[in-house]
Amino acid sequence: MARPGSRRGGGGAAEERAPHRAGDLPASLLFLESPFVLLGTFHRLIVDIILLIRVCRCFRRGLKGFQGFQLIEKDTRGEIEEEKKGSHVVFERHEFIVSKEHFPFRAIQITRKPPAWRTDAEVRHLQNRLQNLESFRQYSPVLQNLLAKVVRFEQFGRRRVIIKKGQWAASFYFIYFGTVAVTDDEDGSSAFVDSAPTTITSGACFGEVALLQRTRRMATVVCLEETELLVVDRKDFFKYKLDKELKCELKKRFDFLRTVDLLETLPDSSVENIANICKAESFHYGQVISSDLSDPSNIIFIAKGVCEVLRLVDLSTCPSYHKWLSKQLCLPKQKLQMREKRRLAAEIACVDRFKSTMWSSYSRHQLNDLKDYYVRESSDFTKSRKSVVITVDTCEGSPFSEQKLPPPPLPEEDEEVVQKVVSGRAFEKKMTYSTSYGEMPACVAAAVYIRVDELHKGEYITNLQDNRSMILVSQGAEIIRMKKDKVEEFSDDATLTKLSNLMIKYPSDDELCQVFLRQNSWEMFKKDLLNLVVQPKLSKMVYPPHPCPTEEIYGAWCMNQAGILDLSALRHKKEPPPETCRYVPAYLGHAKNTLPLIQPKLIHGINVLRSKLDGAY
Ligand SMILES: Nc1ncnc2c1ncn2[C@@H]1O[C@@H]2COP(=O)(O)O[C@H]2[C@H]1O
């Protein structure tokens, strides 16, 4: 039997005749045969494999910070955890990223299966998960089940274009997580420069128009952030009659817009076009619909329910507040005796008589000079009213500053100081601010939300006369929000005139402040009256129905936990607790780009020193 080795030399007699010597072998054979060369090659191979493993590990670590980590199989995740145990302690980013808002890992696994492979239990699981989506919830349970059988999961990063304007439609989308913008350009770049782009957020759906009307895409849809979508492909869209549901939705929007007085002169086709380019959004009670209504390019229609327009009024910029405060802070501590009152009245009458005598003693010429003087004074006063100058009280012990100096510039390198200013801590204790009514302690700088308007079904809001930021809050409403130029595109002359003439004017901050102060004193009176009537009955009870508030309910400064600024506490010169800062600092729109001059506290009411109501009975 021929041995394998015998064939290597080519067989033949010559091999037998002349045994091989190393020098005679071909180079390739030499290479194979040398154990050192073999070892070297093996070593290189091992080094390459180790390098490859390291690179893969780096990639996997990197992926964990990315949401796509969810797409890595579970076993791989386990492996990574194993590797972690031996390595340094690292920040587990995915622990924080995977939240209930993201599409869960198990649901992703189900959507990755072809529809035929999904079990009933898996379809039910998916259907339950999709209940988070407002637009999905509206469908009948049967349709929901059918959709759960076919949806695909897709995840895109910021700036990724999902739908390109002008292309034929292939899919319909539900947003599970994230926000997309609708733009008119093809690459969606305008969404990142537009201050208020048209957005669609989680829970809503898009991409139905081109499918329903069998036309090309009417707009580009681009991701504003990392976005998770559930996709229904064209064939499933028609197979499960999703088109019927969406046509119903479109009809509802059309019916509503038909009732809006602004669009009453438009033909049905134009209203239908407008209905095509908008979405109805539902908001629960108390949810903020828009935190800044000042953008004139948007228009919001109230399709259902009621919305409130709120204004966060910074009382520390309102002259009426300072006038009111100056009166409150000068209130006599004790109730005046009758005799004392008479004496004061007599004094005032004396002063008045003296003044009137003086005025009548002036000549006409002198009176004119005086008038000039006062006009100049009052114009200075108006100027000073516009800007509240803040002064830092440098003298220890005194809560009120005598100097009216501009605030000293902050040393840039002193980060701690900057931090303090930003957080509002720098304004504690030592700060006063000067107003036309004198120095005010910073602790009375307060801001309050005031309702300026209420919008009902069929009403709309746009074109605010001034650019103060207003907040729109839902009272359980459904709204339709769109760009004004889109409405204008389909409008006739009558509608355009109506739109351009529309100017919504709300009272100034100072007027709102006056309303607040009036309401506040009425609230305080009601409270006092209630105490007067209810207290004697309560005192007869062994246990009060609610625990009585103690001194501890006072947090920082003179603000209690119910958000009532207590000026009577300020009069008693109660020392504020030093470092505790439990009040809510108000975020004011006008201070967006600057450091806050003064940090107002968000309050609900003001408590002042009041005389007892006992005498009223
Ligand atoms: N103004 C808008 N507001 C909300 N969604 C819109 C608006 N304009 C277009 N869309 C959606 O963006 C989608 C783009 O593709 P379609 O035209 O298929 O369907 C469109 C609508 O679903």
Spacing of H322 atom NE2 and D510 atom CG [to the nearest 0.5 Å]: 9.5 Å

message: Counting only heavy atoms from other residues, nucleotides and ligands, does the tally under 6.0 Å from CG of D493 exceed 12?
response: no

- line: Here the pair of heavy atoms bringing H284 nearest to S474 is O-OG, 3.2 Å

message: Looking at every heavy atom in both Y437 and P319, which two are closest together, and how far apart are they?
response: CE1-O, 3.6 Å

message: Side chains of L133 and Q131, heavy atoms from C-beta outward: is any pair under 4.5 Å?
response: no

- line: Which of K252, K251, R253 passes side-chain hydrogen bond (donor to acceptor under 3.5 Å, both in side chains) with D255? It is K251

- prompt: How far does OG of S326 sit from CD of E439, to the nearest 0.5 angstrom?
  reply: 12.5 Å

- prompt: When you check the gap from the basic side-chain N to the acidic O, do R468 and D292 get nearer than 4.0 Å?
  reply: no

- line: Taken to the nearest 0.5 Å, the spacing of Y176 OH from C205 SG works out to 15.5 Å

field: Derivation of the side chain to side chain contact (heavy atoms under 4.5 Å, CB included) call for K527 and L529
entry: CA-CA 5 Å; K527 218 167 166 181; L529 197 64; over 6 Å; no

- request: Indicate the atoms forming the closest heavy-atom contact of I471 with S291, along with that distance.
  value: CG1-O, 3.7 Å

message: Take a 6.0 Å sphere around NZ of K484 and say whether it holds more than 12 heavy atoms from other residues, nucleotides or ligands.
response: yes

- line: Residue set satisfying ring pair (Phe, Tyr, Trp, His ring centres under 6.0 Å) with F283, at least two apart, ordered chain then number -> none

message: Go through it in stages, so that I can follow the logic: the residues are K483 and D194, the test is salt bridge (Lys or Arg N to Asp or Glu O under 4.0 Å), and I'd like the CA-CA distance, side-chain angles, deciding distance and then a yes or no.
response: CA-CA 12 Å; K483 289 267 171 207; D194 191 345; 3.6 Å; yes

query: For L250 and N276, what are the C-alpha separation, side-chain angles and deciding distance, and is it a side chain to side chain contact (heavy atoms under 4.5 Å, CB included)?
result: CA-CA 7 Å; L250 179 69; N276 268 335; 3.3 Å; yes

Partner residues of T201 under the side-chain contact (heavy atoms from CB on, under 4.5 Å) criterion, sequence neighbours left out: T179

message: Donor-acceptor check, side chain of R481 to backbone of I289, threshold 3.5 angstrom: yes or no?
response: yes

- prompt: Is there a side-chain contact between V271 and F490, using heavy atoms and a 4.5 Å cut-off?
  reply: no

- prompt: So do V515 and I450 actually touch side chain to side chain, heavy atoms under 4.5 Å?
  reply: no

query: Do the side chain of R311 and the main chain of D509 share a donor and acceptor less than 3.5 angstrom apart?
result: no

query: Can you check side chain to side chain contact (heavy atoms under 4.5 Å, CB included) on R258 and F254, steps first, answer last?
result: CA-CA 6 Å; R258 204 53 291 189; F254 171 82; 4.1 Å; yes

Lys/Arg-Asp/Glu bridge criterion (N-O < 4.0 Å) met for E264, K498: yes

task: Indicate yes or no for a side-chain donor-acceptor contact from S500 to the backbone of L496 under 3.5 Å, with no hydrogens or angles considered.
output: yes

query: What are the two closest heavy atoms between Y506 and D466, and how far apart are they?
result: O-OD2, 4.4 Å

- prompt: For the side chain of S491 and the backbone of V487, is there at least one donor-acceptor N/O pair under 3.5 Å apart?
  reply: yes

- request: Apply side-chain hydrogen bond (donor to acceptor under 3.5 Å, both in side chains) to the pair E459 and H456, showing each step before the final yes or no.
  value: CA-CA 6 Å; E459 292 179 329; H456 295 261; 5.3 Å; no

- prompt: Going through the checks in order, is the side chain to side chain contact (heavy atoms under 4.5 Å, CB included) test met by L455 and Y460?
  reply: CA-CA 7 Å; L455 300 173; Y460 48 92; over 6 Å; no

query: Under 3.5 Å, is there a donor-acceptor pair linking the side chains of S316 and D314?
result: yes

Main-chain N/O of M503 paired with N463 side-chain donor or acceptor, under 3.5 Å: no

message: Any heavy-atom pair between the side chains of T495 and L262 that's under 4.5 Å?
response: yes

- line: Nearest heavy-atom contact between N520 and G605 is OD1-CA, 3.4 Å

- prompt: Does the side chain of V309 come within less than 4.5 Å of L293's, by heavy atoms?
  reply: yes

Side chains of residues 295-307: which donor-acceptor pairs under 3.5 Å do they make with residues two or more places apart or in other chains?
unit_1, atom_1, unit_2, atom_2, d
D295, OD1, S297, N, 3.0
D295, OD1, S297, OG, 2.9
D295, OD2, S297, OG, 3.2

- request: Answer yes or no: is there a side-chain heavy-atom contact under 4.5 Å between L464 and M470?
  value: yes

task: Determine whether V180 and I175 make a side-chain contact, defined as any pair of heavy atoms from C-beta on separated by less than 4.5 Å.
output: yes

Nearest heavy atoms of L315 and Y321, plus distance in Å: O-CD2, 3.2 Å

task: Supply the atom-to-atom distance W324 CH2 to I606 CD1, rounded to the nearest 0.5 angstrom.
output: 4.0 Å

query: Are the side chains of L325 and M440 in touch, meaning some heavy atoms are under 4.5 Å apart?
result: yes

message: Looking at E225, is its backbone amide N or carbonyl O close enough to the side chain of T227 to form a donor-acceptor pair, meaning the two atoms are under 3.5 Å apart?
response: yes

message: Just verifying a value: how many Å separate F256 CZ and E478 CD, rounded to the nearest 0.5 Å?
response: 9.0 Å

message: Taking OH in Y285 as the centre, count heavy atoms belonging to other residues, nucleotides or ligands within less than 6.0 Å. Is the count above 12?
response: no

- prompt: If you draw a 6.0 Å radius around CG in N467, do more than 12 non-hydrogen atoms from other residues or ligands fall strictly inside?
  reply: no

statement: Between the OG atom in S282 and the CD atom in Q287, the distance rounded to the nearest 0.5 Å is 9.5 Å

